[in-house]
Amino acid sequence: MSTTTPDLPFGAQLIGRTEKSLDALLKRVLVGSGLSEPEYVTLRVCSDREGEQRADLTAQLAAAFRQGEDHAAELVERLGNAGMINPDQAAPVELTPAGRELHDRLVAETDAVAARLWGDLPGGDLAVTARVLTTVLRRAANEHA
């Protein structure tokens with residue numbers, strides 16, 4: 001039995017176009033912040049994981065970015081050098097006051113964009129969307145393994 005590509009009713013291009021549009025919106029939020037998208041993601045993860053050791057954080061980031069621990073460690077180091085997190089490699093991850101202020105401002109801006117995009121959609125539609133995207137993400141992760 002052969003496997004065929006499903007005939008998606010909305011076309012595979014819609015997923016790509018949506019991803020590109022959302023990426024452009026995030027880049028617009030990041031203008032002037034001094035952060036790239038990977039650095040912003042790293043700052044968010046650092047905020048969520050304050051108090052953890054850097055090795056644990058970099059392992060999680062490496063898995064998320066799928067680019068290895070050296071890349072993840074470099075992102076964390078950049079945030080330390082920029083004064084966004086404690087630069088001490090031996091210390092647990094902790095945002096500095098400047099890092100916290102930037103994080104909170106950027107999260108508020110991205111949350112406002114998300115509210116405009118998703119806020120008026122019915123809860124049932126959002127639940128189905130979350131389930132579908134979670135399933136596709138999990139399957140894609142398995143493809144990487």
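Predicted, not measured: the structure shown is a model, and the values here were computed from it.
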For residues [X] and [Y], report the shortest heavy-atom separation together with the two atoms involved.
X	Y	result
Pro87	Gly80	CB-O, 3.8 Å
Gly51	Pro92	O-CB, 3.5 Å
Ala98	Gly83	CB-O, 4.1 Å
Cys46	Leu95	C-CD1, 3.7 Å

Could you tell me which residues satisfy side-chain hydrogen bond (donor to acceptor under 3.5 Å, both in side chains) with [X], sequence neighbours excluded, listed by chain and number?
X	result
Glu69	none
Glu101	none
Ser36	Glu39
Thr110	Tyr40

Using the rule that two of Ile, Leu, Val, Met, Phe, Trp, Tyr join whenever any of their side-chain heavy atoms come within less than 4.5 Å, decide whether [X] and [Y] are in one cluster.
X	Y	result
Val128	Leu126	no
Leu121	Val132	no
Trp118	Val136	no

Test side chain to side chain contact (heavy atoms under 4.5 Å, CB included) applied to [X] - qualifying residues, sequence neighbours left out:
X	result
Leu133	Thr129
Asp56	Glu52, Gln53
Val113	Leu25, Val29, Arg116, Leu117
Ala73	Thr58

Seminar exercise, completed: The salt bridge (charged side-chain N to carboxylate O under 4.0 Å, His left out) partners of Asp104 (sequence neighbours excluded) come to Arg100
Exercise. Mind checking what makes salt bridge (charged side-chain N to carboxylate O under 4.0 Å, His left out) contact with Glu109, not counting sequence neighbours?
Worked result: Arg105
Exercise. Would you say Ser21's side chain and Arg17's backbone share a donor-acceptor pair under 3.5 angstrom?
Worked result: no
Exercise. Any ion pair linking Arg139 and Glu143 (charged N to carboxylate O, less than 4.0 Å)?
Worked result: no
For this session: Kindly state each residue pair satisfying salt bridge (Lys or Arg N to Asp or Glu O under 4.0 Å) with at least one member in residues 23-37, sequence neighbours excluded.
Result: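 Those involving residues 23-37 are Asp23-Lys27.
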Exercise. Would Leu61 and Leu75 satisfy side chain to side chain contact (heavy atoms under 4.5 Å, CB included), going step by step from the backbone distance to the final call?
Worked result: CA-CA 9 Å; Leu61 287 167; Leu75 288 167; 5.5 Å; no
Exercise. Counting only heavy atoms not in Asp70, do more than 12 fall under 6.0 Å of its CG?
Worked result: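 Not more than 12 within 6.0 Å, no.
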Hey, could you give me the [atom1]/[atom2] distance between [X] and [Y], rounded to the nearest 0.5 Å?
X	Y	atom1	atom2	value
Leu57	Glu50	CG	CD	10.5 Å
Arg78	Ile85	CZ	CD1	12.0 Å
Thr96	Met84	OG1	CE	5.5 Å

For this session: Name all pairs fulfilling the ring-ring contact (aromatic ring centres under 6.0 Å, His included) condition that reach into residues 82-104, sequence neighbours left out, sorted by first residue then second.
Result: none
For this session: Applying side chain to side chain contact (heavy atoms under 4.5 Å, CB included), run through Leu35 and Leu79 and close with a yes or a no.
Result: CA-CA 9 Å; Leu35 297 179; Leu79 292 181; 3.8 Å; yes
